[in-house]
Asker: 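Have a look at the structure that comes next, please.
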Amino acid sequence: MSTPALIDSADLGLFGPDSVTWQVHADPSMWFGGIRSLYLQALHPRAVAGVVQNSDFQADPLGRLVRTATFVGITTYGTLEQADQAARRVRQVHRSLRARDEAGVQFRIDDPELLLWVHCAEAASFLSGARRAGFPLTREHADRYFDEQRTAAALVGLDPDEVPGSVDEMTGYLRNVYPTLRRTENTDLIYNFLHRPPVQGLLAVGVRLYEPTIGHLSYSLLPGWARRLYGRRAYPDSVTTVAVRAFRRAALALPGGFRISRTLEPAPVAAVRRLGEWATPSPRRLP
């Protein structure tokens, strides 16, 4: 389906329908990537301390995941105005928050070092999760994805030139930050929470299925060096790959796709409704 001859570029958003990001972020594998990123982020002592001290994630188990998914959805599929508004709110919240590290030293949540870690943990996890789940990405696609994500990093206040923009640069960043990462009590708190979120009612029944599937599969998608820092057993790599690919196929077969909420319109659906069917995300649209 052809692109309309006239369209306001601001309506295309930060990335647009011809980007790698547009295709990847609509894939159901993003749920694995998103949870993987939370496991990875929790290995940074200050980053995880900031979450534990400033978030109500234990009282609102789905809240942080939904908020993160909503922010990624708006910045990927919303208009430029919508993305800017969402980013402004996030920067405002981060600017007001403080936490203390294990030595009692206070730090800002919007410290560029922490913002960069969170950004890289998310981008690396989204891409890795998609590739392990069978989304057809080449090395060139991966490089382009990281380059595109520099635009998203700028939204939260980072200098795009300081953000990894290729596979090699991301690998180098993770190698350099590795000595600062370790397992802490807060890391264990997040691990336990992501495996068994304290939900109530009917959701509590679903946790028994969630824990060995999405919860532990997402953990098992971590790179070996991250799993070693956790010191906890993961599924074998071959089992993990087969399982996440099966989940992706099943989710793609669901009418209307896999959703965490049936009352919220998925961001890709809203974008297609705004722009037209030509903008529908698909691996076939990969540049």
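The model shown is predicted, which means the values in this text are computed figures rather than measured ones.
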Asker: Which atoms form the tightest heavy-atom contact between D237 and R132, and what is the distance?
Answerer: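 Nearest pair, atom of D237 first, then R132: O-NH2, 3.4 Å.
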Asker: Quick one: pull up CG in L80 and CD in Q85 and give me the separation to the nearest 0.5 Å.
Answerer: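 That separation rounds to 11.5 Å.
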Asker: Is it true that E113 and R46 make a salt bridge, defined as a side-chain N closer than 4.0 Å to a carboxylate O?
Answerer: no
Asker: Do M170 and F15 share a hydrophobic cluster, counting only Ile, Leu, Val, Met, Phe, Trp and Tyr and linking them when any side-chain heavy atoms are less than 4.5 Å apart?
Answerer: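 As far as the 4.5 Å side-chain criterion goes, F15 and M170 are not connected within one cluster.
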Asker: Hey, are the side chains of W22 and P281 touching, using non-hydrogen atoms and a 4.5 Å cut-off?
Answerer: yes
Asker: So does E122 pair up with R36, basic N to acidic O under 4.0 Å?
Answerer: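 R36 and E122: not salt-bridged.
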Asker: Test side chain to side chain contact (heavy atoms under 4.5 Å, CB included) on Y178 and L229; report intermediate values, then the result.
Answerer: CA-CA 10 Å; Y178 175 78; L229 287 175; 3.7 Å; yes
Asker: Minimum heavy-atom separation for P160 to R150, with atom names?
Answerer: O-NE, 3.4 Å
Asker: Does the side chain to side chain contact (heavy atoms under 4.5 Å, CB included) test come out yes or no for Y145 and H25, once each step is laid out?
Answerer: CA-CA 11 Å; Y145 176 79; H25 285 189; 2.7 Å; yes
Asker: If I take atom NE2 from residue H119 and atom CG from residue L114, how far apart are they, to the nearest 0.5 angstrom?
Answerer: 14.5 Å
Asker: For the residue pair S238 and T241, confirm or rule out a side-chain donor-acceptor distance under 3.5 Å.
Answerer: no
Asker: Decide if the gap between the ring center of Y219 and the ring center of Y230 is smaller than 6.0 angstrom.
Answerer: yes
Asker: Using 0.5 Å steps for rounding, measure from the CD1 atom of I74 to the CG atom of L14.
Answerer: 11.5 Å
Asker: Which atoms form the tightest heavy-atom contact between L252 and P28, and what is the distance?
Answerer: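 The pair with the smallest heavy-atom distance is CD2-CD, 3.7 Å.
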Asker: Would a 4.5 Å heavy-atom cut-off, applied to side chains only, mark T79 and R274 as touching?
Answerer: yes
Asker: Does atom CD of Q92 have more than 12 heavy-atom neighbours from other groups under 6.0 Å away?
Answerer: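 No, the 6.0 Å shell around CD holds no more than 12 heavy atoms from other groups.
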Asker: Walk me through it: do V156 and F71 pass the test side chain to side chain contact (heavy atoms under 4.5 Å, CB included)?
Answerer: CA-CA 11 Å; V156 297; F71 180 75; 4.2 Å; yes
Asker: Can you hop from V93 to V51 via hydrophobic side chains spaced under 4.5 Å?
Answerer: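 In one cluster: no.
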Asker: Go through the steps to decide whether D110 and R91 satisfy the test salt bridge (Lys or Arg N to Asp or Glu O under 4.0 Å), and finish with yes or no.
Answerer: CA-CA 8 Å; D110 62 354; R91 291 196 304 270; over 6 Å; no
Asker: Does E185 have more than 12 heavy atoms from other residues, nucleotides or ligands lying within 6.0 Å of its CD?
Answerer: no
Asker: Any side-chain heavy-atom pair from Q149 and T21 closer than 4.5 angstrom?
Answerer: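 Yes, their side chains come closer than 4.5 Å.
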Asker: Evaluate the side chain to side chain contact (heavy atoms under 4.5 Å, CB included) criterion for residues L222 and L40: first the C-alpha distance (whole Å), next the side-chain angles of each, then the deciding distance (0.1 Å), finally the verdict.
Answerer: CA-CA 7 Å; L222 287 171; L40 188 56; 3.9 Å; yes
Asker: Side chain to side chain donor-acceptor pair (under 3.5 Å), that's the test. Do S128 and S125 meet it? Break it down for me.
Answerer: CA-CA 5 Å; S128 177; S125 293; over 6 Å; no
Asker: Do V244 and S29 make a side-chain contact, defined as non-hydrogen atoms from C-beta onward lying under 4.5 Å apart?
Answerer: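 No, their side chains stay 4.5 Å or more apart.
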Asker: Answer yes when R182 and D188 have at least one side-chain N-carboxylate O distance shorter than 4.0 Å, and no when they do not.
Answerer: no
Asker: Just wondering, are more than 12 heavy atoms of other shown residues or ligands nearer than 6.0 Å to CD in Q53?
Answerer: yes
Asker: Quick check: is I109 connected to L38 through a chain of hydrophobic side chains (ILVMFWY, heavy atoms under 4.5 Å apart)?
Answerer: no
Asker: For F107 and R100, work out which heavy atoms get closest and say how close.
Answerer: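 Minimum heavy-atom contact is CE2-C, 3.6 Å.
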Asker: Of the non-hydrogen atoms in A83 and T75, which two are nearest, and what is the gap between them?
Answerer: CB-CA, 4.0 Å
Asker: When you compare the side chain of Q23 with that of F135, does any pair of heavy atoms fall below 4.5 Å?
Answerer: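 Contact flag for F135/Q23 side chains = yes.
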Asker: First locate atom CZ of R139, then atom OG of S166, and finally report the distance between them rounded to the nearest 0.5 Å.
Answerer: 7.0 Å
Asker: Supply the atom-to-atom distance L221 CG to S37 OG, rounded to the nearest 0.5 angstrom.
Answerer: 11.5 Å
Asker: Quick one: pull up NE2 in H94 and CG in L97 and give me the separation to the nearest 0.5 Å.
Answerer: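 Reported value, rounded in 0.5 Å steps: 7.0 Å.
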Asker: With a 4.5 Å heavy-atom cut-off, do F126 and M30 have their side chains touching?
Answerer: yes
Asker: Centre of Y191's six-membered ring, under 6.0 Å away, within 45 degrees of the axis: is that where NZ or CZ of R232 sits?
Answerer: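 The answer is yes; both the distance and angle limits are met.
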Asker: Is there a side-chain contact between V20 and P287, using heavy atoms and a 4.5 Å cut-off?
Answerer: yes
Asker: If we only count heavy atoms from C-beta on, is the Y77 to V272 side-chain gap below 4.5 Å?
Answerer: no
Asker: Which heavy atom of F146 sits nearest a heavy atom of V167, and at what distance?
Answerer: CD1-N, 3.7 Å
Asker: Does L155 belong to the same Ile/Leu/Val/Met/Phe/Trp/Tyr cluster as W117, with side-chain heavy atoms less than 4.5 Å apart forming each link?
Answerer: no
Asker: Are Y39 and H216 close enough that their ring centers fall under 6.0 Å?
Answerer: no
Asker: In terms of side-chain geometry, is the basic nitrogen of R144 or E148 positioned less than 4.0 Å from the acidic oxygen of its partner?
Answerer: yes
